[in-house]
Every structure is written in C-alpha cells, then in structure tokens.
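Since the structure is predicted, the reported quantities are computational estimates derived from the model, not experimental observations.
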Amino acid sequence: SLSAFTQYHDGAAWSWEHMALTRARVVTGPEHFAKRVEQAIHAALTRARDGDALKTDVCDMRARLVRGHPPDSQWDIKYIAGGLIDVEFIAQYLQLRHAHDEPLVLDTNTCTALEKLSQSGKLDPATAQRLIRAGRLWLGLHGMLRFTFEGSFDEGAAPAGLKQALAQAADTEDFEALKAHMADTAQTVRQIFIDLIGDPDAVAS
C-alpha cells in the first residue's frame, strides 16, 4: 500500500534503496493517485541525511557489487572501476545528499541530474561535464554491445566491422584508440568517485 511504502521509506529503507528510488517514475494510473505516489517518492528523496553515513553506505554498496560482479575485462562496462555504475552512483549519492536543501537536483536521468547538480552549485561544472561525457560514452557502448554481441565481448571473436563501429560511436580514430579512451575515462571517473565518496577497493579489501 502507499501508506506502507511511505512509512518504510521514512525510516526503514536502506540507502541503496533510496539510490534506486532516484530513478523511480510513475508510468500509469489515475492522475490523483499518481500525484500522491510522486509526492511520496519526493518526500523520501528529500529527507535530511547524515552525509558521512551516506558516503559509507554508497561506498560499501559499490564494494559489494565488486564482490558479486567482478568484471572480467574492460568491456564489462557496467561493473569496471570507473564504469557506468560509478557514474550512476555518484549522481545518486549527490542527489540524496543535497535534495533536502535543493530538491531541484532530482532527476531520473543520470546525465540530467549531473547537469542540475552543476547548475545548483553542488558539483563542480568541469567535473560534471567529465561525468556526463563518461556516462554518454558508457551508455552508447553498452547499448551497442548488447545489440550486436552475444555474451561477454571477446575482442578476438569480434568482427572488424563491429570494432570499427564501436570506435566510430565513441568518436575515436580506431579500435585501439577507443580502448585507450575507455581506460582514461574509467580512471577519471574512479578518481572522482574516490574524491567525492571514498575508495570502494579499500572497503572490498
């Protein structure tokens, strides 16, 4: 029930559940009820939080994902250090940390949320743009790989045409340049994660 949802997210929910809730949106339903659901989600996301405890929770959740889904190569774009999940976690952490004072930072789209965080002064504009570029790169490559390659991406088995298409999608000169760009991007994102939240590798170890 809506009342149980509201009560749960007012005190019992874990931080990772509120992180996921930043992506929640009402899809369909009576307008008056949809508004009540939106209000309940908004209330959960804008509650005051302990910033240090939130950092600890987000870092711990990222470390848990490393243990549960260890990436097997740099092509595991979601789970690599500095990959798509890191970008999403940074945006979710910053929204939860600042939404109590600045509700306008909330957005279900990661890149839009990062832009709003920048505009509101909650995230350095240059850092925001680096994260947005990284998010778009990871989403583009992840989408192409899901539609064009079955299972984990294998460079040795991938046709030359697919490699060239991936390089073109990332606006790089060739496949080797793409891999270098991916490595640089991942390193940049992971350092931002460490600077803003903490080091998941230290937690995992």
Novice: At their closest point, which heavy atom of S152 faces which heavy atom of D72, and how far apart are they?
Specialist: OG-OD2, 3.6 Å

Novice: Hey, are the side chains of L94 and V105 touching, using non-hydrogen atoms and a 4.5 Å cut-off?
Specialist: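 With C-beta onward as the side chain, the pair stays apart.
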
Novice: Can you list everything that forms a salt bridge (charged side-chain N to carboxylate O under 4.0 Å, His left out) with R190? Sequence neighbours excluded, please.
Specialist: D86, D201

Novice: So, for C59 and P200, which heavy atoms are closest and what is the spacing to 0.1 Å?
Specialist: SG-N, 3.6 Å

Novice: Just how far is it from atom NZ of K122 to atom CG of D101, taken to the nearest 0.5 Å?
Specialist: 5.5 Å

Novice: Write out all pairs satisfying side chain to side chain donor-acceptor pair (under 3.5 Å) with one or both partners inside residues 37-55, taking only residues at least two apart or from two chains.
Specialist: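 Listed once each, the pairs are H18-R49.
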
Novice: Is the ring pair W75/F175 parallel, tilted or perpendicular, if the boundaries are 30 and 60 degrees?
Specialist: parallel

Novice: When rounded to the nearest 0.5 angstrom, what is the spacing between CG in D199 and CD1 in I194?
Specialist: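 Answer rounded to 0.5 Å: 4.0 Å.
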
Novice: Quick one: ring pair (Phe, Tyr, Trp, His ring centres under 6.0 Å) partners of Y8, sequence neighbours excluded?
Specialist: none

Novice: Please identify each residue that fulfils salt bridge (charged side-chain N to carboxylate O under 4.0 Å, His left out) with E176, with sequence neighbours left out.
Specialist: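 Result, salt bridge (charged side-chain N to carboxylate O under 4.0 Å, His left out) vs E176: K179.
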
Novice: So which pairs with a foot in residues 160-174 pass side chain to side chain donor-acceptor pair (under 3.5 Å), sequence neighbours left out?
Specialist: none

Novice: The criterion is salt bridge (charged side-chain N to carboxylate O under 4.0 Å, His left out); which residues satisfy it with D57, sequence neighbours excluded?
Specialist: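 Salt bridge (charged side-chain N to carboxylate O under 4.0 Å, His left out) list for D57, sorted by chain: empty.
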
Novice: Return yes if some donor-acceptor pair links the side-chain N/O of S118 with the main-chain N/O of L114 below 3.5 Å, else return no.
Specialist: no

Novice: Is there a side-chain contact between T22 and T108 in this structure, where contact means two heavy atoms from C-beta onward sitting under 4.5 Å apart?
Specialist: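 No, their side chains stay 4.5 Å or more apart.
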
Novice: Are V87 and L54 grouped together when hydrophobic residues (ILVMFWY) are joined by side-chain heavy atoms under 4.5 angstrom apart?
Specialist: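 Same cluster.
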
Novice: Which residues pass the ring pair (Phe, Tyr, Trp, His ring centres under 6.0 Å) test with H69, not counting sequence neighbours?
Specialist: Y79

Novice: What are the two closest heavy atoms between Q95 and L106, and how far apart are they?
Specialist: OE1-CA, 3.3 Å

Novice: Show the atom names and distances, to 0.1 Å, of all donor-acceptor pairs under 3.5 Å that link a side chain in residues 131-150 to residues at least two apart or in another chain.
Specialist:
residue	atom	partner	partner atom	Å
W138	NE1	G82	O	3.1
T148	OG1	M144	O	2.6

Novice: So if you build clusters from Ile, Leu, Val, Met, Phe, Trp, Tyr with side-chain heavy-atom gaps below 4.5 Å, do L45 and V37 land together?
Specialist: yes

Novice: Using 0.5 Å steps for rounding, measure from the CG atom of L2 to the CZ atom of F33.
Specialist: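 The distance works out to 5.0 Å.
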
Novice: Only one of L196, T110, D195 passes side chain to side chain contact (heavy atoms under 4.5 Å, CB included) with I90; say which it is.
Specialist: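 The passing option is L196.
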
Novice: Taking side chain as C-beta onward, heavy atoms only, is I85 less than 4.5 Å from R62?
Specialist: yes

Novice: Are any of the side-chain heavy atoms of S15 and L96 separated by less than 4.5 Å?
Specialist: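 No, their side chains stay 4.5 Å or more apart.
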
Novice: When you measure from the side chain of Q191 to the backbone of Q187, do you find a donor-acceptor pair of N or O atoms at a distance under 3.5 Å?
Specialist: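 Side chain of Q191 to backbone of Q187: no pair is present.
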
Novice: To check you understand the geometry: which heavy-atom pair defines the closest contact between R97 and Y93, and what is its length?
Specialist: NH1-OH, 2.6 Å

Novice: Going by ring pair (Phe, Tyr, Trp, His ring centres under 6.0 Å), name the residues that satisfy it together with F89, two or more places apart in sequence or in a different chain.
Specialist: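 Listed in chain order: nothing, the list is empty.
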
Novice: So, do W16 and R64 sit near enough that their side-chain heavy atoms are less than 4.5 Å apart?
Specialist: no

Novice: Return the set of residues passing ring pair (Phe, Tyr, Trp, His ring centres under 6.0 Å) with F5 (not counting sequence neighbours), or none when no residue passes.
Specialist: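 Ring pair (Phe, Tyr, Trp, His ring centres under 6.0 Å) list for F5, sorted by chain: H9.
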
Novice: Not counting sequence neighbours, which residues clear side chain to side chain contact (heavy atoms under 4.5 Å, CB included) with N109? List them please.
Specialist: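 Counting only residues at least two positions away or on another chain, N109 forms a side chain to side chain contact (heavy atoms under 4.5 Å, CB included) with D107, C111, T112.
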
Novice: Please name the pair of heavy atoms, one in S120 and one in E102, separated by the smallest distance, quoted to 0.1 Å.
Specialist: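 Smallest heavy-atom distance, with atoms named: CB-CG, 3.8 Å.
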
Novice: List the residues meeting salt bridge (charged side-chain N to carboxylate O under 4.0 Å, His left out) with R23, not counting sequence neighbours, and say none if there are none.
Specialist: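 With sequence neighbours excluded, R23 shows a salt bridge (charged side-chain N to carboxylate O under 4.0 Å, His left out) to E88, given in chain and number order.
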
Novice: Looking at every non-hydrogen atom in both residues, tell me the closest pair between S73 and I80 and how far apart they are.
Specialist: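 Nearest pair, atom of S73 first, then I80: O-CG2, 3.3 Å.
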
Novice: Mind checking the CH2-CG spacing from W14 to D60? Nearest 0.5 Å is all I need.
Specialist: 8.5 Å

